[in-house]
Peer 1: 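Shown below is the structure under consideration.
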Amino acid sequence: RETTDVIERLCIEAALEITGAEVPAGDVVREAQHIGDVLNKTADLTKSSFGELATGFADLSPIAKQTGLSIEETFALLSKVIDVFGSGSEAANGLKSGFLSLVDPSKEAAAAMQALGVEYKNSDGSLKSVKQVLADLAPAFNKVDDSQRLAAASTIFGKDHAAKMVQVLGTYNDAMALADKLNREA
């Protein structure tokens, strides 16, 4: 029961982060239930454990909504990193760092993305969402060889999180297919 209480608390905290504290209590409860359903289904469909997914999502949820990714897409991407690296917290830290690197990339990171044919700004100069940039980067990363992929990831995301983001980009299409399945079934 203690584990269930902790997971329930994490789902409610995540729901509060995502929906905002000013929404009606019923909406927060519904959102927490939805997060719990998506969490359970993700654990059922992937190698990621329920506990690692819960920990990772709790760590990632403060910025998850701002990326443009849905709850299902966030869990799907998180699971792809947890499946390889084993830790929900480590996966969340890698994703947070990677996502923030895409929001306002350094000159070097922007140049690396442009070399791959990816722009982080729209034609009007506004910044693309993290979701849009990931969707553009994934196919571009898969067109280059391993050494080019690692070099670009190191420049764009930093050496500490390059491997995690290579995993995200390499499995992006699979993650989005999983997110679609979670949308239908959770």
Side-chain angles (χ1 to χ4, degrees), residues 38 41-43 45-48 52-53 56-57 59-186:
V38 175
K41 193 65 172 178
T42 305
L45 296 173
T46 68
K47 294 184 277 184
S48 300
E52 293 301 332
L53 284 164
F57 191 76
D59 289 349
L60 187 57
S61 65
I63 69 161
K65 183 177 182 181
Q66 298 167 15
T67 64
L69 294 165
S70 69
I71 291 168
E72 293 81 3
E73 290 165 335
T74 302
F75 268 111
L77 289 172
L78 188 61
S79 75
K80 296 301 180 184
V81 180
I82 293 171
D83 285 354
V84 173
F85 293 93
S87 165
S89 186
E90 185 178 337
N93 288 336
L95 287 170
K96 282 191 290 190
S97 179
F99 291 169
L100 292 172
S101 295
L102 296 176
V103 172
D104 188 19
S106 67
K107 288 179 183 172
E108 295 83 8
M113 285 192 280
Q114 287 175 336
L116 292 167
V118 175
E119 295 291 333
Y120 68 97
K121 290 184 177 180
N122 293 308
S123 58
D124 66 1
S126 63
L127 295 175
K128 290 183 176 181
S129 71
V130 169
K131 180 180 177 175
Q132 290 172 311
V133 177
L134 286 172
D136 293 344
L137 267 177
F141 258 66
N142 292 321
K143 291 179 184 173
V144 297
D145 65 34
D146 288 343
S147 62
Q148 292 171 311
R149 193 173 8 258
L150 287 173
S154 181
T155 301
I156 296 167
F157 303 110
K159 292 178 182 174
D160 291 340
H161 300 294
K164 293 171 193 78
M165 293 308 294
V166 165
Q167 176 65 17
V168 166
L169 295 169
T171 60
Y172 187 79
N173 289 338
D174 291 341
M176 293 303 103
L178 174 58
D180 288 342
K181 187 170 185 148
L182 292 169
N183 248 334
R184 289 189 310 273
E185 297 179 16

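All values derive from a computational prediction rather than experimental measurement. Sequence positions, counted from 1, serve as the residue numbers for this chain.
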Peer 1: Atom OG of Ser154 and atom NE2 of His161: how far apart are they, to the nearest 0.5 Å?
Peer 2: 11.5 Å
Peer 1: What distance do Leu78 atom CG and Leu69 atom CG have between them, rounded to the nearest 0.5 Å?
Peer 2: 11.0 Å
Peer 1: Identify every side-chain donor-acceptor pair in residues 100-119 under 3.5 Å, counting partners at least two apart or on other chains, and give the distances.
Peer 2:
from	atom 1	to	atom 2	distance (Å)
Ser101	OG	Ser97	O	2.9
Ser106	OG	Glu108	OE1	3.4
Ser106	OG	Ala109	N	3.1
Gln114	NE2	Glu119	OE1	3.4

Peer 1: Measure the shortest side-chain to side-chain distance between Tyr120 and Ile156 over non-hydrogen atoms and say whether it is less than 4.5 angstrom.
Peer 2: no
Peer 1: Can you tell me how far apart NZ (Lys159) and CG (Leu150) are? Round to the nearest 0.5 Å.
Peer 2: 12.0 Å
Peer 1: Which heavy atom of Lys41 sits nearest to which heavy atom of Ala186, and what is that distance?
Peer 2: CB-CB, 4.0 Å
Peer 1: Where the side chain of Gln167 meets the backbone of Lys80, is there a donor-acceptor pair that is under 3.5 Å apart?
Peer 2: yes
Peer 1: For Met165 and Leu134, run side-chain contact (heavy atoms from CB on, under 4.5 Å): C-alpha distance rounded to whole Å, both residues' side-chain angles, the deciding distance at 0.1 Å, then the answer.
Peer 2: CA-CA 10 Å; Met165 293 308 294; Leu134 286 172; 4.0 Å; yes
Peer 1: May I have the step-by-step check of side-chain contact (heavy atoms from CB on, under 4.5 Å) for Val168 and Phe157, ending in yes or no?
Peer 2: CA-CA 12 Å; Val168 166; Phe157 303 110; over 6 Å; no
Peer 1: For Ile63 and Val130, run side-chain contact (heavy atoms from CB on, under 4.5 Å): C-alpha distance rounded to whole Å, both residues' side-chain angles, the deciding distance at 0.1 Å, then the answer.
Peer 2: CA-CA 11 Å; Ile63 69 161; Val130 169; over 6 Å; no
Peer 1: Nearest 0.5 Å please: distance from the CE atom of Met176 over to the OG1 atom of Thr171.
Peer 2: 8.5 Å
Peer 1: Test: ring-ring contact (aromatic ring centres under 6.0 Å, His included). Region: residues 61-102. Which pairs qualify, not counting sequence neighbours?
Peer 2: Phe57-Phe75
Peer 1: Just distance, no hydrogens or angles: give the donor-acceptor pairs under 3.5 Å from side chains in residues 137-149, sequence neighbours left out.
Peer 2:
from	atom 1	to	atom 2	distance (Å)
Asn142	ND2	Ala138	O	3.1
Asp145	OD1	Ser147	N	3.2
Asp145	OD1	Ser147	OG	2.9
Asp145	OD1	Gln148	N	2.8
Asp146	OD1	Arg149	NH2	2.5
Gln148	OE1	Asp145	N	3.1
Arg149	NH1	Phe141	O	2.6
Arg149	NH1	Val144	O	2.9

Peer 1: Provide the closest heavy-atom pair for Lys131 versus Gly68 in the form atom of the first, atom of the second, distance.
Peer 2: CD-O, 3.2 Å
Peer 1: Between atom OG1 of Thr67 and atom CG of Leu60, what is the distance when rounded to the nearest 0.5 Å?
Peer 2: 7.5 Å
Peer 1: How many angstroms lie between atom NZ of Lys128 and atom CG of Asn122, to the nearest 0.5 angstrom?
Peer 2: 6.0 Å
Peer 1: Any idea which heavy atoms bring Ser79 and Ser48 closest together, and the distance?
Peer 2: O-OG, 3.1 Å
Peer 1: Kindly indicate whether the side chain of Leu182, heavy atoms from C-beta on, has any atom under 4.5 Å from the side chain of Leu45.
Peer 2: yes
Peer 1: Should Lys164 and Glu90 count as side-chain neighbours, where that means a heavy-atom distance under 4.5 Å?
Peer 2: yes
Peer 1: Which heavy-atom pair separates Ala76 from Ala179 by the least distance, and what is that distance?
Peer 2: CB-N, 3.9 Å
